[in-house]
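We name chains A, B, ... by the order of the sequence lines, and we start the count at 1 in each one.
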Amino acid sequence: MNHFGLLMQFLRDRHQFIDDIRQGVKLNKKIVSLLISSCLFFALYGAIMGSTGNYLQILSSAIKLPALYLLTMIICLPTLFFFDIINGSKQTFNQYLAILLSAMAIISVMLFGFAPITLFFRLSINDTLFFKLLNVAILGLTGIFGVSFFYQNILAVTQEDFSNSSYRNKVLKGWLILYAFVGSQLGWTLRPFFGGELGENFQFFRAIESNFYVEVLKMIGKLFN
Amino acid sequence: MNVNLIDLKIDQDQYVDLGFKLEFAVDFYRFFKLKNKQCLTSVLITELVLLILISIVILPLCLIIFRNISVFNDTKQFFITILISFFIWILTNFYLLKQLLQIKSLAKLIEEIDQYNKVIQSFNILIQIQSNLTNNSADLQQQKTLIEALKITRNNLINALKVEAIFRQHQKATNPDQLLNKLEEDFTNLMTFDLHSSFGEYETLLNETLQIGIEIHKTIKNLK
């Protein structure tokens with residue numbers, strides 16, 4: 001099984017790949033390959049994020065980061081699929097899954113590209129707060145790229161199924177906002193992704209308190225103080 | 001003669017769609033039984049991702065359980081999650097490796113196709129070197145013969161792939177021996193049916209046809 005070959009094929013000729021998804025060409029193989037390659041890249045980046053803590057934190061973050069993306073997908077995709085089906089979409093669930101996984105593959109490849117930079121800052125700066133904000137920025141940036149890729153391609157694949165395109169655009173944008181909220185809240189629930197300060201014990205999960213946005217604002221405030 | 005042998009390569013994906021389970025089992029068989037080291041990377045990556053995926057599914061359940069039961073500390077919680085994932089991973093492997101019984105011939109066939117593709121690659125390089133160095137008619141004749149031989153091999157391998165695909169479509173008869181046994185059984189049943197039930201009917205029909213023929217013959221004679 002050459003999963004990375006299929007991923008390279010996708011990155012080189014995205015239009016053809018999306019066209020194949022629209023026509024349902026070898027969907028299962030595409031889904032498996034995108035899932036496997038994305039998981040590995042997310043796990044690698046997660047391990048770098050967790051490297052501020054001990055080896056348990058590295059392992060834990062290597063599982064948690066792919067979990068964050070996959071669980072967000074599992075939670076949100078049925079909403080979009082059934083909403084679209086009710087409104088006249090003729091695409092199958094596997095086609096929706098393949099398009100969302102290809103967006104995730106874009107995110108994972110971009111994170112893999114950012115990995116040496118993150119590792120460099122991890123090794124050269126001993127400031128956990130800066131490292132956390134840097135990662136939030138990288139995850140946010142790659143997320144925006146992935147989501148815009150998904151938006152363009154889901155529109156392209158399903159455009160023939162919907163007569164009222166402006167309504168469809170609004171629904172899709174609404175779903176993307178929901179996706180972002182679910183993703184950030186799940187990230188908050190699955191935290192910590194980063195190791196704590198030096199000497200702090202390993203934490204697998206933390207108690208539910210505050211929320212992601214308040215914490216990011218607090219971190220920015222602390223950084224500038 | 002400008003020959004590109006690459007066109008003779010076989011893309012197995014065009015003829016068979018194995019799916020995740022069978023493809024994993026084929027890679028596993030090719031590595032452990034046929035000693036194909038190239039399949040090791042694929043097997044290892046698939047196993048690792050399988051473990052990560054299982055942990056991802058387990059993670060929310062563990063999160064819910066550990067938030068309600070605060071008996072274990074974080075390290076223990078993490079190891080319990082990993083242990084459960086590992087246990088399910090072993091069970092999943094048992095399930096996937098059960099597919100090995102079905103795919104022996106397919107794995108060997110895919111291995112042969114792989115070797116055939118490698119041979120094509122080597123011949124292509126050789127022919128290109130030869131065409132740059134010499135250009136005599138004996139070499140051209142040899143190349144033609146070689147291409148013919150490769151085409152025959154290619155057709156045979158493709159036919160074998162198609163037969164395998166048909167066997168897998170009808171999973172009850174996946175094993176060729178089983179299929180032959182079933183065919184024999186069906187044939188015996190058919191023969192019995194012919195001998196006991198329909199033989200009399202056929203005999204009656206034949207007699208009737210003969211009677212009609214004789215009647216027509218007599219009528220024509222009378223008319224003359």
Side-chain angles (χ1 to χ4, degrees), chain A residues 1-7 9 24-44 46-47 50 53-75 186 189-192 196 200-208, chain B residues 11-28 30-31 38-70 72-82 84-86 89 110 114:
Chain A
M1 277 189 275
N2 189 4
H3 307 295
F4 297 104
L6 205 129
L7 180 72
Q9 191 189 327
V25 179
K26 288 177 184 163
L27 269 182
N28 290 339
K29 196 175 177 113
K30 284 185 174 63
I31 288 170
V32 169
S33 291
L34 289 173
L35 187 67
I36 287 179
S37 42
S38 309
C39 258
L40 274 181
F41 290 148
F42 282 133
L44 186 79
N54 57 14
Y55 76 100
L56 285 178
Q57 189 62 57
I58 293 174
L59 283 175
S60 159
S61 299
I63 295 169
K64 279 182 183 177
L65 194 67
L68 169 64
Y69 284 93
L70 284 182
L71 292 175
T72 310
M73 184 183 76
I74 292 168
I75 293 167
L186 188 66
T189 313
L190 291 177
R191 79 195 195 287
E200 196 179 278
N201 285 334
F202 163 71
Q203 280 189 305
F204 191 34
F205 294 118
R206 279 185 191 149
I208 299 173
Chain B
D11 178 15
Q12 68 183 51
D13 290 346
Q14 277 185 357
Y15 304 99
V16 281
D17 188 9
L18 297 177
F20 173 71
K21 278 188 296 183
L22 282 182
E23 213 159 328
F24 173 73
V26 165
D27 279 346
F28 197 87
R30 284 175 72 192
F31 174 67
Q38 286 176 335
C39 293
L40 175 66
T41 325
S42 172
V43 170
L44 287 180
I45 288 175
T46 312
E47 290 287 11
L48 179 67
V49 173
L50 200 62
L51 185 60
I52 293 175
L53 284 174
I54 291 167
S55 310
I56 288 169
V57 177
I58 297 296
L59 202 66
L61 298 174
C62 290
L63 178 72
I64 295 165
I65 293 166
F66 294 142
R67 281 213 166 128
N68 290 319
I69 307 165
S70 52
F72 308 109
N73 64 20
D74 285 80
T75 312
K76 278 182 184 167
Q77 285 179 6
F78 178 69
F79 280 117
I80 288 168
T81 311
I82 293 293
I84 295 169
S85 308
F86 201 71
W89 177 73
I110 287 172
D114 216 29

Chain A contact via B/I82 - side chain, backbone, both or neither, heavy atoms under 4.5 Å:
side chain
Minimum side-chain heavy-atom gap B/L59-A/F204 below 4.5 Å
yes
Could you pull out the closest heavy-atom pair between A/I63 and B/I56, with the gap in Å?
O-CG1, 4.0 Å
Which of A/I74, A/L71, A/L186 passes side chain to side chain contact (heavy atoms under 4.5 Å, CB included) with B/P60? It is A/L71
Is the ring centre of A/F205 less than 6.0 Å from the ring centre of B/F66?
no
Which bit of B/T81 comes within less than 4.5 Å of chain A, counting heavy atoms only: side chain, backbone, both or neither?
side chain
Measure A/T189 against the heavy atoms of chain B and call it side chain, backbone, both or neither at under 4.5 Å.
both
Side-chain heavy atoms of A/L70 within contact of B/L53, under 4.5 Å
yes
Rounded to the nearest 0.5 Å, what separates atom NZ in A/K64 from atom CD1 in B/I52?
15.0 Å
Rounded to the nearest 0.5 Å, the CG atom of A/L59 sits from the OG atom of B/S55 at a distance of 10.0 Å
For the atom pair CD (A/Q203) and OG1 (B/T75), what is the distance rounded to the nearest 0.5 Å?
10.0 Å
Is the shortest side-chain heavy-atom distance between A/L56 and B/F79 below 4.5 Å?
yes
